[in-house]
There are 2 protein chains.
Amino acid sequence: MTMSKRDTYTPDTLLAVAVGVFIERGYDGTSMEHLSRAAGISKSSIYHHVRGKEELLSRAVGRALDELFGILDEPEACDGRAVDRLEHVTRRTTRVLMEEVPYVTLLLRVRGNTRTERWAVERRREFDLRVSELLKDAVAEGDLRADVEVRLATRLLFGMINSIVEWYRPDVRGAVDGEQVVDAVVRLAFDGLRR
Amino acid sequence: MTMSKRDTYTPDTLLAVAVGVFIERGYDGTSMEHLSRAAGISKSSIYHHVRGKEELLSRAVGRALDELFGILDEPEACDGRAVDRLEHVTRRTTRVLMEEVPYVTLLLRVRGNTRTERWAVERRREFDLRVSELLKDAVAEGDLRADVEVRLATRLLFGMINSIVEWYRPDVRGAVDGEQVVDAVVRLAFDGLRR
DNA sequence: GTCTATACCGTGATAGAC
DNA sequence: GTCTATCACGGTATAGAC
């Protein structure tokens, strides 16, 4: 949370600080005073860089959404058997989650009270729907089980993936290996706990 | 959110109202003014029933924790093969989640800033650890795969289960059948998506 | 058990000097 | 680009009448 060389902020470097505080205290629980202390500048200086608290939130969730939707445009998510495309999306989503923990965490905690939040919720649903199409195709191609409703399966799959933000901390080096997590997610999601 | 016959509150009936508001607006985003409007009484009247906002939170998460820990004491969670005990706990946890959505939702959203919240986080971790013991035993008995770390598997399992509170609404009759959800969770958790 | 009135403080945001 | 000073407002909580 410290600036490496420069001691002047851009919206993006300020965002990095703010997102950390939002996650620690919750968005609503964070005051401009908290942010100013964490950034080491006064409250009013923050307003020089961003319009206010909500702009910081919308920048954060926007970044997370861009990363996630980017996955759906990757060639591996567009060609081949649906089940392979789904596995690719599962792997990449998990990876993005871990690489962008703070931003995605914020995205996942948004509940839809302000305009910004409703927009974020909407786009998340859109992402889920895109993936459940993949799941539907994979069932139709005979690769996935047909005895679990597609929408429900998608929700549970993302529930598992998204929960990673609750405990994964990338800064703790060596504590949990990233690739190990991705493999575990894919194994459990596709083949389950049972031997 | 309406009182059926009585128009006077007990701490518990007031809690039911408050929990609903907490979930809609977030705990930090909820003011006593919001609560008073939802309950149809004045702010100060609320203080006659409870000490303040935080007591409402601690009552809510306490109730959720009692229900969850109750599961671990059920006979089916204590006798037999570990894998069967784990499946029982999985089923029951999912059920409790759906029956007590509002209270468990609140429990899961708590981050640990106040004393109450830290206590809740602590007890949740305790519950997780108890279940990961079950998982460890099931691996040792040869029923579960050994190529995923036990603690990691537990986290992902609960990630999937807990995510149900994000979308399941018990009041929407017939929209999603409860038993269907429990079965889906068990199938995905133990056998995975793959056919 | 509920009310009105109010104390007192922290909030997001702005003005204007440097 | 950052500061200090300040604003109007809404926050939790309490006092005391009914």
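On a predicted model such as this, the values are computed, not experimentally measured, just so you know. In what follows, chains carry the letters A, B, and so on, assigned in the order in which the sequence lines appear, proteins first and then strands, with residues in each chain numbered from 1.
Residue T30(B) is classed as a sugar-phosphate contact, given heavy-atom separations below 4.0 Å to backbone atoms only.
Contact check on E122(A) versus R118(A) returns no salt bridge, with no Lys/Arg side-chain nitrogen under 4.0 Å from an Asp/Glu carboxylate oxygen. One finds no salt bridge joining R63(B) and E67(B) here, because no Lys/Arg side-chain nitrogen approaches an Asp/Glu carboxylate oxygen to under 4.0 Å. A salt bridge is absent between D28(A) and R25(B): the closest approach of a Lys/Arg side-chain nitrogen to an acidic carboxylate oxygen does not fall below 4.0 angstrom. Taking a cutoff of 4.0 Å between a charged side-chain nitrogen and a carboxylate oxygen, R130(B) and E133(B) do not qualify as a salt bridge. Note on D128(B) versus R155(B): no salt bridge recorded, every NZ/NE/NH1/NH2 to OD/OE distance being 4.0 Å or above. One finds no salt bridge joining E76(B) and R85(B) here, because no Lys/Arg side-chain nitrogen approaches an Asp/Glu carboxylate oxygen to under 4.0 Å.
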Under 3.5 Å, which donor-acceptor pairs do the side chains of residues 187-195 of chain A form with other protein atoms, sequence neighbours left out?
{"residue": "R187(A)", "atom": "NH1", "partner": "D147(B)", "partner atom": "O", "Å": "2.9"}
{"residue": "D191(A)", "atom": "OD1", "partner": "R194(B)", "partner atom": "NE", "Å": "3.3"}
{"residue": "R194(A)", "atom": "NE", "partner": "D191(B)", "partner atom": "OD1", "Å": "3.3"}

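Within the 4.0 Å cut-off from OP1 or OP2 of dG11(D), at least one side-chain nitrogen or oxygen of S31(B) is found.
Atom NZ of K53(B) has more than 12 heavy atoms from other residues, nucleotides or ligands within 6.0 Å.
Put simply, CD1 on I46(A) is 13 Å from P on dT4(D), counting in whole angstrom units. The CD atom of E33(A) sits 9 Å away from the P atom of dG12(C) (whole-angstrom rounding). The separation between L35(B) atom CG and dG10(D) atom P is 17 Å, rounded to whole Å.
Sorted by residue number, the members of residues 47-58 of chain B with any non-hydrogen atom under 4.0 Å from DNA chain D read Y47(B), G52(B), K53(B).
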Output a table of nitrogen or oxygen pairs between the protein and nucleotides 3-6 of chain C separated by less than 3.5 Å.
{"residue": "dC3(C)", "atom": "OP2", "partner": "S42(B)", "partner atom": "N", "Å": "2.4"}
{"residue": "dC3(C)", "atom": "OP2", "partner": "S42(B)", "partner atom": "OG", "Å": "3.0"}
{"residue": "dC3(C)", "atom": "OP2", "partner": "S45(B)", "partner atom": "OG", "Å": "2.9"}
{"residue": "dC3(C)", "atom": "N4", "partner": "S44(B)", "partner atom": "OG", "Å": "3.2"}
{"residue": "dT4(C)", "atom": "O4", "partner": "S44(B)", "partner atom": "OG", "Å": "2.4"}

